[in-house]
Amino acid sequence: MRLKDQAGWNQVNRDWQRLFDLQPDGCFVAEFDGRPVGTVVTCRFEQVAWVAMMLVDEAYRGQGIGRKLMTRAIEELDRHEIRSIRLDATPFGQPLYESLGFAPESTLIRFAGILSPVVENEAIPAWNQPGREHELLALDREVTGTDRGALIARLFAEHGESLRVVETDQGVKGFLMSRPGSNSRQIGPCIADETAGRRLLADAGRRYAGEPVVIDIPSSHDQAIEIVEALGLKPLRQLLRMGRGPRVIEDLSRLWASAGPEKG
Ligand SMILES: CC(C)(COP(=O)(O)OP(=O)(O)OC[C@H]1O[C@@H](n2cnc3c(N)ncnc32)[C@H](O)[C@@H]1OP(=O)(O)O)[C@@H](O)C(=O)NCCC(=O)NCCS
């Protein structure tokens, strides 16, 4: 928490706990004279892994600690024969990741601000359909090209009250979850087709009006960007989605908001 506060990041204890629980054997700390000065976490989803929380204490940067942490993470993932390693990079991390074989794939924009109240949209009721969570997991897998079931189920268990779902006679068309952060509520993931995505974002705008929020949106997603700008959010920074190994095919047109930079 000290390192992530130094970097001005938004995670809370519970976010760290989720990362540890999802991959207890995949999280590493760098120590300097016995003092923790750096972190990295990995998470394996079958053939795909995400790397996150690459943080080095400001006082110890530029000495190769970040490189050692990332090399250790890659070694561990290679040992598990993971084919594709992915991450959402800040500009600080990008040169290091490029030098370790990661290639840029797409960009996301973090929008931030206080949501302005919207009046004229219809509220989506809470979804209380025990036993149907697998339908959300299946949609998530189809859109992200990754079996993130463990992540989505965990977010649902922790923040089920935030879940909203749009469905038709043909089944689930989209869902959205959110969670509190140390500075702002993180809205996402939001995985949906066009009609459902519009409704879900507008509904989140209504529910969280007046609250500070952040939301990470693919920069190619014009409709999502138009909606959050109309809700009063402004671009804060850019994230570069990078991959090492075979490219994972994802449908960015149905990724209205990522789950956050830790897992895309
Ligand atoms: C990104 C971060 C983890 C790198 O840690 P670090 O210990 O400073 O990294 P290293 O010393 O191993 O440097 C790795 C590479 O980064 C680049 N680099 C590091 N410090 C740099 C500096 N001051 N100026 C320019 N490039 C620099 C170099 O390319 C270096 O490559 P080299 O090994 O060939 O010299 C660290 O800057 C950090 O915690 N930043 C804030 C949080 C963040 O943005 N994390 C990345 C999330 S994706």
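Just the heavy atoms: all of them, side chains too, but no hydrogens, waters or symmetry mates, feed the values below. Whatever order the structure lists them in is the order used to number ligands and atoms, beginning at 1.
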Report the C-alpha distance between Phe92 and Met54 in whole Å, list the side-chain angles of each, state the deciding distance to 0.1 Å, and finish with yes or no for side-chain contact (heavy atoms from CB on, under 4.5 Å).
CA-CA 10 Å; Phe92 281 110; Met54 256 290 279; over 6 Å; no
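- When the heavy-atom distances from atom 32 (P) of ligand 1 to Lys4, Arg67, Gln94 are ranked, the shortest goes to Arg67.
- Nearest protein neighbour of atom 14 (C) of ligand 1, counting heavy atoms only, is Leu96 CD1, 3.5 Å.
- Of the candidates Lys173, Arg132, Arg199, Glu167 forms a salt bridge (charged side-chain N to carboxylate O under 4.0 Å, His left out) with just one, namely Arg132.
- Less than 4.0 angstrom separates some heavy atom of Arg61 from each of these atoms of ligand 1: 8 (O), 36 (C), 37 (O), 38 (C), 39 (O), 40 (N), 41 (C).
- There is no protein heavy atom less than 4.0 angstrom from atom 2 (C) of ligand 1.
- For atom 36 (C) of ligand 1, the nearest protein heavy atom is under 4.0 Å away.
- Nearest protein heavy-atom neighbour of atom 29 (O) of ligand 1: Pro95 CB, 4.0 Å.
- The contact set between ligand 1 and Tyr97, taken as ligand atoms under 4.0 Å from a residue heavy atom, comprises 46 (C), 47 (C), 48 (S).
- Atom numbering of ligand 1 starts at 1 in the shown order; those under 4.0 Å from a heavy atom of Asp88 are 48 (S).
- The presence of a protein heavy atom under 4.0 Å from atom 27 (C) of ligand 1 is ruled out.
- With contacts defined as side-chain heavy-atom distances shorter than 4.5 Å, the pair Arg67/Leu100 qualifies.
- Protein heavy atoms are found inside the 4.0 Å sphere centred on atom 43 (C) of ligand 1.
- Atoms of ligand 1 lying under 4.0 Å from any heavy atom of Trp9, numbered from 1 in the order shown and given with element: 42 (C), 43 (C), 44 (O), 45 (N), 47 (C).
- A donor and an acceptor atom, one from each side chain of Ser182 and Lys4, are located under 3.5 Å apart.
- For atom 18 (N) of ligand 1, the nearest protein heavy atom is 4.0 Å or more away.
- The side-chain heavy atoms of Gln186 and Pro180, taken from C-beta on, include no pair separated by under 4.5 Å.
- The closest approach between Gly64 and ligand 1 falls below 4.0 Å for a heavy atom of the residue.
- In this structure, Arg179 pairs ionically with Glu262, as a charged nitrogen and a carboxylate oxygen lie closer than 4.0 Å.
- Looking at every heavy atom in both residues, Leu252 comes nearest to Arg241 through CD2-NH1, 4.4 Å.
- Contacts between Lys68 and ligand 1, counted as non-hydrogen atom pairs separated by less than 4.0 Å, are absent for every part of the residue.
- For the pair Arg141 and Glu250, the salt-bridge criterion is not met [side-chain N within less than 4.0 Å of a carboxylate O].
- In the vicinity of Thr90, heavy-atom distances shorter than 4.0 Å reach the ligand 1 atoms 43 (C), 44 (O), 45 (N), 46 (C), 47 (C), 48 (S).
- Residues Asp21 and Gln17 have side chains that bring a donor and an acceptor to within less than 3.5 angstrom of each other.
- Taking a cutoff of 4.0 Å between a charged side-chain nitrogen and a carboxylate oxygen, Glu75 and Arg79 do not qualify as a salt bridge.
- Interface of Gly62 with ligand 1, defined as ligand atoms under 4.0 Å from a residue heavy atom, comprises 6 (P), 7 (O), 8 (O), 11 (O), 20 (N).
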One pair to check against side-chain contact (heavy atoms from CB on, under 4.5 Å): Leu136 and Asp140. What are the steps and the verdict?
CA-CA 6 Å; Leu136 311 181; Asp140 187 81; over 6 Å; no
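- Of the protein's heavy atoms, Gly66 N, 2.7 Å lies nearest to atom 7 (O) of ligand 1.
- Atom 45 (N) of ligand 1 has its closest protein heavy atom at Met54 O, 2.8 Å.
- At a 3.5 angstrom cut-off on N or O pairs, Val56 counts as close to ligand 1.
- Per-atom contact check: atom 23 (N) of ligand 1 does not touch the protein, criterion being a heavy-atom distance below 4.0 Å.
- Residue Leu55 approaches ligand 1 through these ligand atoms, each under 4.0 Å from one of its heavy atoms: 39 (O), 42 (C).
- For the pair Arg185 and Tyr208, the cation-pi test (distance below 6.0 Å, angle within 45°) is passed.
- Counting heavy atoms from C-beta outward, Asp88 and Glu105 have side chains that stay 4.5 Å or more apart.
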